[in-house]
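FYI, the numbering just counts along the sequence from 1. Hydrogens, waters and symmetry mates are skipped; everything else that's a heavy atom, side chains included, is used.
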Amino acid sequence: MVRFVIAQLLKNSGVLILAGVLCFCIDAIMGESPLSLVGITFVASPLLVAISKGKAIAIRRYFAMMVKFESLRYFVLLLVVFAIVFAMVGLAAHMIRSVELTRILAVLIFSGTYMGFSPLLLKMATGRSQKMGNTGKTVFVMSVVTLFVLFNYLLRTWHSVNAFSTVLTALIGSFVLLSSLCAVTAATAAPDPSSNIGRE
């Protein structure tokens, strides 16, 4: 599974870089606005659809895929997932009022919600159904989300040191966010080793 994830990231590296720059621009223009998340999700959706299919997307086809039906319906469903996650994390933060505990809950909430919606996201992207009962996939998704939360926290502590660090951390943060989404998408779309054994 890890090899599959790395392979997907490498063969889509060109579009990953382009989409990362677009995400940075959206974040720089819209800031903390909810529209920023909408824009980033829209930019990421064609790439995530391609990764779900195990295919590489050419840069020249990337923009055309944004308006294709499969990318648009994936975009809408992914927005629903993010809305549920942010609502639950916001409620948890309001009730608990502990930053550390909220971060831990954020990892569990996002991982659980994403894994719960993964079969539907995969079906939206590829048209095929796949169960997500593999424990390794769940552990991988939780690990990636945990690393993202920790890395994002470190970036925020360095974010406002000076103007250069503000721009640099925002750019790095955009790539980390997009790479994390691509990694968890590739992990959930990875072939189940047990099914391959059965076929052999």
TODO: Check step by step if side-chain contact (heavy atoms from CB on, under 4.5 Å) holds for Thr146 and Phe151.
DONE: CA-CA 9 Å; Thr146 302; Phe151 195 76; over 6 Å; no
Open item on the list: Parallel, tilted or perpendicular, judged at 30° and 60°: which one describes the rings of Tyr114 and Phe110?
Closed with: parallel
- [ ] Indicate if Met142 and Leu150 have the same hydrophobic cluster label, given that clusters are the connected sets of ILVMFWY residues with side-chain heavy-atom separations under 4.5 angstrom.
- [x] no
TODO: Find out if a path of hydrophobic residues (ILVMFWY) with successive side-chain heavy-atom gaps under 4.5 Å connects Leu91 to Val149.
DONE: no
TODO: Could you walk me through whether Lys68 and Arg61 pass the side-chain contact (heavy atoms from CB on, under 4.5 Å) test, one step at a time?
DONE: CA-CA 11 Å; Lys68 284 193 172 182; Arg61 291 188 62 245; 3.7 Å; yes
TODO: Give the minimum heavy-atom separation between Asp27 and Ala170, together with the two atoms involved.
DONE: OD2-CB, 4.3 Å
Open item on the list: Using side-chain contact (heavy atoms from CB on, under 4.5 Å), reason through Val145 and Ser180 one step at a time and then give a plain yes or no.
Closed with: CA-CA 7 Å; Val145 176; Ser180 300; over 6 Å; no
Open item on the list: Would you say that Leu120 contacts Leu77 through its side chain, given a criterion of any heavy-atom pair below 4.5 Å between the two side chains?
Closed with: yes
TODO: State, without any angle test, whether Thr41 and Tyr74 hold a side-chain donor-acceptor pair at a distance under 3.5 Å.
DONE: no
- [ ] Report the distance from atom NZ of Lys137 to atom OG of Ser111, rounding to the nearest 0.5 Å.
- [x] 15.0 Å
- [ ] Would you check if the side chain of Thr113 reaches a backbone N or O of Ile109 as a donor-acceptor pair within less than 3.5 Å?
- [x] yes
TODO: Using the rule that two of Ile, Leu, Val, Met, Phe, Trp, Tyr join whenever any of their side-chain heavy atoms come within less than 4.5 Å, decide whether Phe69 and Met65 are in one cluster.
DONE: no
TODO: Group every Ile, Leu, Val, Met, Phe, Trp and Tyr by side-chain heavy-atom contacts under 4.5 Å, then state whether Val5 and Val2 land in the same group.
DONE: yes
TODO: Using the rule that two of Ile, Leu, Val, Met, Phe, Trp, Tyr join whenever any of their side-chain heavy atoms come within less than 4.5 Å, decide whether Leu121 and Phe4 are in one cluster.
DONE: no
TODO: For residues Val38 and Pro34, determine if any side-chain heavy atom of one lies less than 4.5 Å from a side-chain heavy atom of the other.
DONE: no
Open item on the list: Using every non-hydrogen atom in the two residues, find where Leu181 and Thr185 come nearest and quote the distance to one decimal.
Closed with: O-OG1, 2.7 Å
Open item on the list: Using 30° and 60° as the class boundaries, would you call the ring planes of Phe75 and Phe42 parallel, tilted or perpendicular?
Closed with: perpendicular
Open item on the list: Using 0.5 Å steps for rounding, measure from the CG atom of Leu47 to the CG atom of Asn12.
Closed with: 5.5 Å
- [ ] Measure the shortest side-chain to side-chain distance between Val184 and Thr188 over non-hydrogen atoms and say whether it is less than 4.5 angstrom.
- [x] no
TODO: With side-chain contact (heavy atoms from CB on, under 4.5 Å) as the test, would you mind laying out the steps for Cys182 and Leu48 before giving the verdict?
DONE: CA-CA 6 Å; Cys182 290; Leu48 299 179; 4.0 Å; yes
